[in-house]
2 protein chains.
Amino acid sequence: MFAEHTSDPDPAPGSTLHPCKSWPDNGRGVRETLDRIGDKWSVLVIGILSQGPLRFGTLHQRVPGVSQRMLTLTLRHLERDGIVSRTAYAEVPPRVEYELTPLGESLRETVLALARWVTDHHDEIETARHRYDTR
Amino acid sequence: MFAEHTSDPDPAPGSTLHPCKSWPDNGRGVRETLDRIGDKWSVLVIGILSQGPLRFGTLHQRVPGVSQRMLTLTLRHLERDGIVSRTAYAEVPPRVEYELTPLGESLRETVLALARWVTDHHDEIETARHRYDTR
DNA sequence: CAGCATCCAGCCCGATACTG
DNA sequence: CAGTATCGGGCTGGATGCTG
């Protein structure tokens, strides 16, 4: 559509051994989904829910920075995408439980790997930032 | 600090077998780093750069939706975090190459796994969205 | 308890124009 | 070629108040 680079003599030495030179769909669909995963709270929520079903309030406590509004929105989005399921129990004090769907389960390992990487390398990144800022 | 839930009798049946009940640092540091990974373009850029070093213009073509401004900002952020390195060659037409640092390399598999998940499950998500919207 | 509605500040990010 | 500078609209996301 756009960015149809005609000649591409970019040197990029010794590594054309890859599944995708650029992104398959020019970021059309990938972007939309990535925006959901990559939004401010989804990864955290999925990470917590990967431990098992939780009700709204508990979730709210477990993801401390999140506001009620954003937790609601995040859950709605994830629900829409089929990543979490919502179950409301008709009881005297209303109770609602959220849990990962099978689709969400398939994201588990990836998200946990990401979370692990972030915590593992947090110090390195802090150091790099400091070096960059004071250079 | 906040959200110090006193009693937590949440049922969450049969799965307390996990490394972290909630996020280790209450999202303090994790959030900052996650915001970098999770921002609009980082994952795409890292994915492309995982194929080898590239110069600015080529990168700009390979990540089609991105504007020049956002590509610059994304690269600066990733550089600051020590995930990509920038090398400028003093030549007649300026040439600048970006490539993953060792730290960036360590993110490779995780990011590619995420990208793979997104493309693999794109259809399922589309379907789920449609069902949700028309229900 | 769970959550929607409203208001509003701040930033994200694209478009455009200009520089070394 | 590889940026920087500036402007402005739209969306993100927090605070607050109200409902079932």
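So that the names make sense, note that chain A is the first sequence line, chain B the second, and so on, each numbered from 1. Fair warning: this is a prediction, and the values are worked out from it, not measured in the lab.
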Sub-3.5 Å pairs of nitrogen or oxygen atoms, protein against nucleotides 7-12 of chain D:
none

For atom [atom1] of [X] and atom [atom2] of [N], their distance in whole Å:
X	N	atom1	atom2	value
B:Glu97	D:dC1	CD	P	15 Å
A:Leu71	D:dG14	CG	C1'	14 Å
B:Asp39	D:dG13	CG	C1'	17 Å
A:His60	D:dG13	NE2	P	15 Å
B:Arg95	D:dG3	CZ	P	13 Å

Q: Output all residues satisfying ring pair (Phe, Tyr, Trp, His ring centres under 6.0 Å) with A:His121, sequence neighbours left out; order by chain, then residue number.
A: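 A:His121 satisfies ring pair (Phe, Tyr, Trp, His ring centres under 6.0 Å) with A:Trp117 once adjacent residues are dropped.
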
Q) Can you list the residues that meet the ring pair (Phe, Tyr, Trp, His ring centres under 6.0 Å) rule with B:Trp41, with sequence neighbours excluded? A)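 Testing B:Trp41 for ring pair (Phe, Tyr, Trp, His ring centres under 6.0 Å), a comparison that skips the adjacent residues, returns none.
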
(Q) Under a 3.5 Å distance rule, please check whether A:Thr119 uses its side chain to pair with a backbone N or O of A:Arg116 as donor and acceptor. (A)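 Pair found, side chain donor or acceptor close to backbone of A:Arg116.
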
Q | Polar side-chain atom of A:Thr134 near backbone of A:His130 as donor-acceptor pair, under 3.5 Å | A |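 Yes, because the side chain of A:Thr134 sits within donor-acceptor range (under 3.5 Å) of the backbone of A:His130.
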
Q.
For DNA chain C, which residues of residues 72-85 of chain B approach it to below 4.0 angstrom with any heavy atom?
A.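 DNA chain C contact set from residues 72-85 of chain B: none.
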
Run the side-chain contact (heavy atoms from CB on, under 4.5 Å) test against [X] and tell me which residues pass, sequence neighbours left out.
X	result
B:Glu109	none
B:Val43	A:Leu34, B:Ile37, B:Val111, B:Leu114
A:Arg86	A:Arg76, A:Glu79, A:Ala88, A:Val96, A:Tyr98

Q.
Nearest to the B:Arg55 side chain among C:dG3, C:dG14, D:dA2, which nucleotide is it?
A.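 Between C:dG3, C:dG14, D:dA2, the one nearest the side chain of B:Arg55 would be D:dA2.
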
Q: Tell me whether the guanidinium CZ or amine NZ of B:Arg135 lies under 6.0 angstrom from the six-membered ring centre of B:Tyr132 and within 45° of its axis.
A: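 Checked: cation-pi criterion met.
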
Inter-residue atom distance [X].[atom1] - [Y].[atom2], 0.5 Å rounding:
X	Y	atom1	atom2	value
B:Ser106	A:Glu124	OG	CD	6.5 Å
A:Ile83	A:Leu103	CD1	CG	5.5 Å
A:Asp81	A:Arg36	CG	CZ	5.0 Å
A:His60	A:Gln68	NE2	CD	6.5 Å
A:Glu97	A:Phe56	CD	CZ	13.5 Å

Q | Net bend of the helix from C:dC1-D:dG20 to C:dG20-D:dC1, end axes of five pairs each, nearest 10 degrees | A |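 Roughly 50°, once rounded to the nearest ten degrees.
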
Q. After noting the C-alpha distance and the side-chain angles of A:Leu73 and A:Arg69, does the key distance pass the side-chain contact (heavy atoms from CB on, under 4.5 Å) rule?
A. CA-CA 6 Å; A:Leu73 284 178; A:Arg69 170 192 159 84; 3.9 Å; yes

Q.
For DNA chain D, which residues of residues 128-135 of chain B approach it to below 4.0 angstrom with any heavy atom?
A.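 Within residues 128-135 of chain B, no residue comes under 4.0 Å of DNA chain D.
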
Q) side chain to side chain donor-acceptor pair (under 3.5 Å) with B:Asp133: which residues, sequence neighbours excluded? A)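 With sequence neighbours excluded, B:Asp133 shows a side chain to side chain donor-acceptor pair (under 3.5 Å) to A:Arg80, given in chain and number order.
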
Q. Who are the side chain to side chain donor-acceptor pair (under 3.5 Å) partners of A:Asp123, not counting sequence neighbours?
A.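 Testing A:Asp123 for side chain to side chain donor-acceptor pair (under 3.5 Å), a comparison that skips the adjacent residues, returns none.
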
Check the interface with nucleotides 17-20 of chain C: list each N/O to N/O pair with the protein under 3.5 Å, or write none.
none

Q: For A:Phe56 and for B:Trp41, find the nucleotide of DNA chain C with the closest heavy atom, then tell me which residue's nucleotide is more 5'.
A: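 It is A:Phe56, whose closest nucleotide lies nearer the 5' terminus.
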
Q. Hey, does A:Tyr98 reach any base, or is it just sugar-phosphate, or nothing, if we go heavy atoms under 4.0 Å?
A.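 The residue A:Tyr98 makes sugar-phosphate contact but no base contact.
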
